[in-house]
Asks: 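Can you read through this structure? Questions will come right after.
Counting starts at 1 for both ligands and their atoms, following the listed order.
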Amino acid sequence: MTTSYKRNKIALIGAGMIGGTMALLAAQKELGDIVLLDIPLAEGTAKGKALDIQESRAIDGYDAEIIGTSDYADVTGADVVIVTAGVPRKPGMSRDDLVGINLKIIKDVASKLKEVCPKAFVIVITNPLDAMVYTMQKVTGFPTHMVCGMAGVLDSARLRYFLADGIGIAAQNVQAMVLGGHGDSMVPLLSSANAGGVPVTTLLDPETLAAIVARTRAAGGEIVGLLGNGSAFYSPAAAAIQMAEAYLNDKKAVLPAAAYLNGEYGYDGFYFGVPTIIGAGGIEKIIETPLSDDETKALAASAGEVKSLVAGLGL
Ligand code: APR
């Protein structure tokens, strides 16, 4: 970067499939200048992807500087940091199977971020998500409202797409949320799901709805199985960029995210998927939405799983 701009700075830690896709999306949306960071061994990947996107600027007409690096000095003063550093699942693995390897990586990344960008809004994507975002906050010591995890926007987008496809309408017309941990126990909420205000429970039969709930819970694994090598990246990238945009543009957007609970929904002291308001203050508020009895029970089961994973982190 040869010129100094007064623009937002977005640091993407991990220049893999999600990192590279986010760089392209952030550039196309002109969210700010972009730093794509990876380990020294993969610095060429970071630099190559950055240059490749720079070379599309004249075609797409956006104005953003994108650099690839392995040097955390380049992340200094970042406004938003999105972390995908880690390894993705292989077919047959659960997200929780990644905890051993990714815990070490997130601790390393967090210790570096702590030094170079203490004011950043940090969005973690690395799995197992709820445990990794917890680790990020503990190691950085950043305020809990400035550290969150991306899972709910993605899981909800999957649910919204499956519902819309079943009804035969546009996905953007379906409002629906998935709460809880980003694992097989996640809780798709049907009680409040609607299509243009019409409850989905009046538009689809119970068997179809049950199949959609099951497919949503297993949607990440479905993609892992199809790809055979790696996990989903287009939709996770789009989801995290929506969260970054909500922060940078102070949108006060209602988005489900892994947020630190202080008694909301009856839970305390860990990160969990809940509806939030994201604006310039980071996670500005957690919204408590009414749940059916079944949803309350399912959320409790999911909380139990997340809590036991977090308890095993040794933090
Ligand atoms: N610091 C920075 N980058 C790292 C580090 C580290 N300590 N360790 C690994 N990386 C990089 C890898 O070199 C790789 O380029 O993280 C990148 C991860 O990219 P991919 O393997 O392509 O994985 P991706 O599909 O982007 O998913 C990343 O997000 O959805 C989750 O489960 C998924 O945990 C995984 C993460």
Asks: Which residue owns the protein heavy atom closest to atom 2 (C) of ligand 1, what's the atom, and how far is it?
Replies: A85 CB, 3.7 Å
Asks: Could you grab the distance from atom OH of Y260 to atom NE2 of H145, nearest 0.5 Å is fine?
Replies: 14.0 Å
Asks: Check this for me: K114, atom NZ, are more than 12 non-hydrogen atoms of other residues, nucleotides or ligands nearer than 6.0 Å?
Replies: no
Asks: Between K9 and E65, does the salt bridge (charged side-chain N to carboxylate O under 4.0 Å, His left out) criterion hold? Intermediate values first, please.
Replies: CA-CA 9 Å; K9 182 164 168 180; E65 287 288 333; over 6 Å; no
Asks: Looking at atom 6 (C) of ligand 1, what's its closest protein heavy atom, distance included?
Replies: I39 CG2, 3.4 Å
Asks: Between D38 and ligand 1, is there a nitrogen or oxygen pair with a distance under 3.5 Å?
Replies: yes
Asks: Count the heavy atoms of every other residue, nucleotide or ligand shown that sit under 6.0 Å from CG of N229, and state whether that count exceeds 12.
Replies: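 No, the 6.0 Å shell around CG holds no more than 12 heavy atoms from other groups.
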Asks: Tell me which protein heavy atom sits closest to atom 9 (C) of ligand 1, plus the residue, atom name and distance to 0.1 Å.
Replies: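 Here the nearest protein heavy atom works out to G86 N, 3.6 Å.
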Asks: Any nitrogen or oxygen of A42, side chain or backbone, less than 3.5 Å from one on ligand 1?
Replies: no
Asks: Could you measure the distance from the CG atom of L248 to the CG atom of N8? Nearest 0.5 Å is fine.
Replies: 4.5 Å
Asks: Return yes or no for this condition: an N or O of G19 is under 3.5 Å from an N or O of ligand 1.
Replies: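 Such a contact does not occur with ligand 1.
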Asks: Where is the nearest protein heavy atom to atom 28 (C) of ligand 1: which residue, which atom, and how far?
Replies: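 Among all protein heavy atoms, the one nearest atom 28 (C) of ligand 1 is T84 O, 3.1 Å.
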Asks: Strictly by modelled atom types, are S56 and Y62 linked by a side-chain donor-acceptor pair under 3.5 Å?
Replies: yes
Asks: Out of all atoms in ligand 1, which are within 4.0 Å of some heavy atom of P88? Include the element for each.
Replies: 21 (O), 23 (O), 32 (O), 33 (C), 35 (C)
Asks: How far is atom 32 (O) of ligand 1 from the closest protein heavy atom, and which atom is that?
Replies: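 Nearest protein contact, heavy atoms only, for atom 32 (O) of ligand 1 is N127 ND2, 3.0 Å.
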Asks: Are any side-chain N or O atoms of E305 and backbone N or O atoms of S185, one a donor and one an acceptor, separated by less than 3.5 Å?
Replies: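 A pair under 3.5 Å: no.
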Asks: Nearest protein heavy atom to atom 7 (N) of ligand 1, by residue and atom, and its distance?
Replies: D108 OD2, 3.3 Å
Asks: Which atoms from ligand 1 have a heavy atom of N102 less than 4.0 Å away?
Replies: 34 (O)
Asks: Between E264 and I287, is there a donor-acceptor pair closer than 3.5 Å when you use the side chain of the first and the backbone of the second?
Replies: no
Asks: So, R217 side chain and M186 main chain: donor-acceptor pair closer than 3.5 Å or not?
Replies: yes
Asks: Write out the residue and atom name of the closest protein heavy atom to atom 26 (O) of ligand 1, then the distance separating them to 0.1 Å.
Replies: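 I find the closest protein heavy atom is I18 N, 2.9 Å.
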Asks: Measure the distance from atom 35 (C) of ligand 1 to every protein heavy atom, then report the residue, atom name and distance (to 0.1 Å) of the closest one.
Replies: V87 O, 3.5 Å
